[in-house]
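Letters A, B, ... mirror the listed sequences (proteins, then strands); counts begin at 1. It should be emphasised that the depicted structure is a prediction, and the values quoted were computed from it without experimental measurement.
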Amino acid sequence: MINYIKHIGRYFLMLKRVFRKPQKKSVFRELIFKEIEDLGISSIGIVAFISFFVGGVVVIQTALNLESPLTPKYLIGFASRESLILEFSPTLISIILAGKVGSFITSSIGTMRVTEQIDALEVMGINSLNHLVLPKLIATVFFYPFVIIISIFLGIVGGWVAGIITGLVSSTDYIYGIRVGLEPFHFFYSIVKTMVFAFIIATVPAYHGFYVNGGAIEVGKASTRAVVWTSVVIIVLNYVLTQMLLGK
Amino acid sequence: MIEVRNVYKEFDGVPILKGIDATFENGKTSLVIGTSGSGKTVLLKCMLGLFRPERGSISYDGQKYKEMSVDQRLLLRQEIGMVFQGSALFDSSTVRDNVMFPLKMFTRQSVNEMKARVDEVLDRVNLPDAHNKYPAELSGGMQKRVAIARAIVMNPKYLFCDEPNSGLDPKTSTVIDNLIQEITKDYNITTIINSHDMNSVMEIGEKIIFLKNGVKEWEGTSHDVFRTDNEALTDFVYSSNLFQKVRKAQLAEAARDQHQK
């Protein structure tokens, strides 16, 4: 227990050092664009692929559970849209990104630690946490909402394709279901969740990488630990945020 | 001048440095020698401010490091160049970007001025054609030379080198040693080198500090090292077969001289 408290305390102390004024704006700007490419744009492919197929699966499963002739078919589109906006895209995609991006962040920072590259930064007088983590944080927090919007869109398209191919729902019913009862607050909720999860995806793996001790095996272990803890924190915060934003 | 006074450092209750005192004078190459685990790297990292000693003080030109403000430390660090044991080059950047990095961070030079300075220091370390290569494409000796170039690009007052010859063949080691010595003289730098390489001791060590189990066991010049009565230092210096043979030859020669007199 003491150990967990120690880690939480050290995590917040790390954040205190991360949120400092960047030492050179031009270098910082370059780093942000590089991180957007490494952490954001490079993730779009896998997010698009998963979202398209999961959207299809959601439609098939929803259709199979709404077999009553009294239930209007457009509810398939409506339910699929709500699942994608409220849960699948912000939460499950964030967990997938925690695996992909989180392990990359831990291993890259961890390798810098064990090969003394972080010491080299510190010796030069550079706040290594600010230099390494803040650009990642900004890149994920401000770019992942776009990734999630793409995920929602492709999930809906995937559902539409699956509905037509399987004949479980007509195009007209599906599109009507997608448009009916649209709640803008649900988009806001989805974006807020995504931004909070993006913060976690950038900082928890960075913490595990920055404080790694040892060599290559330790970096590997830290990556695994980082993915597990990032996923756990996302799941817990998902509950907390849902209660706060949607709970009565 | 760097003064180390009564420095203690421990990790998880295990003492690593036990009251080290040392003075490193301006414009000289000082070597800290000792076996692996003797505390050389920890001492170096304490001097660089990467580790905070439990007791004692480290002063740069009379000013204690622990009493410096954040801004003063930042300015001091811009006067320090460091060559790490594993070179510590940024592996996702080219040689040019590695060497240019401190200039980008701490100067207002134009890109052309920075490129000119990078060319100058890469020429100085005899690497005129490696600008666009990545560290993984370089040999160990070339990586060390890039690390030296990065360390001197800001014209530092102090140069720290942690085992600059580790993993290098004897010929390349000599090249690196000579380069460090030339740079120390050319730029009038205070150079501190951690090493357990006796060739370095003979070639470039103007002042030698011998550490054993976290204690300063001996201090003197490279000339004195081979004439010392200190048993621990003698064991260290003559631990290799080659130096044992040299030692035997020296003793035989001394005995012959004595006999002739």
Checklist line | Of B:Y187, B:F24, B:Y60, the residue whose pairing with B:Y158 passes ring-ring contact (aromatic ring centres under 6.0 Å, His included) | finding: B:Y60

Notebook entry, point to check: Taking NZ, NE, NH1 and NH2 as the nitrogens, is one of them in A:E30 or B:K104 under 4.0 Å from a carboxylate oxygen of the other?
Noted result: yes

Notebook entry, point to check: Does the distance from a Lys or Arg side-chain N to an Asp or Glu carboxylate O, for A:K34 and A:E37, drop under 4.0 Å?
Noted result: no

Check: Is the closest basic N to carboxylate O distance between A:E122 and B:K45 below 4.0 Å?
Finding: no

Check: So which of A:N127, A:L121, A:I118 has the largest heavy-atom pair count under 4.5 angstrom toward chain B?
Finding: A:L121

Notebook entry, point to check: With only heavy atoms counted, which part of A:V123 is less than 4.5 Å from chain B, the side chain, the backbone, both or neither?
Noted result: both

Notebook entry, point to check: So, for B:F101 and B:F90, is the gap between ring centers shorter than 6.0 Å?
Noted result: yes

Item checked: Contacting region of B:R150 [heavy-atom separation from chain A under 4.5 Å] -> side chain

Checklist line | Which atoms of B:Q85 approach chain A - backbone, side chain, both or neither, heavy atom under 4.5 Å | finding: both

Next item on the list: Please look at B:L76 and chain A and tell me whether the side chain, the backbone, both or neither of the residue comes under 4.5 angstrom of a heavy atom of that chain.
Entry: neither

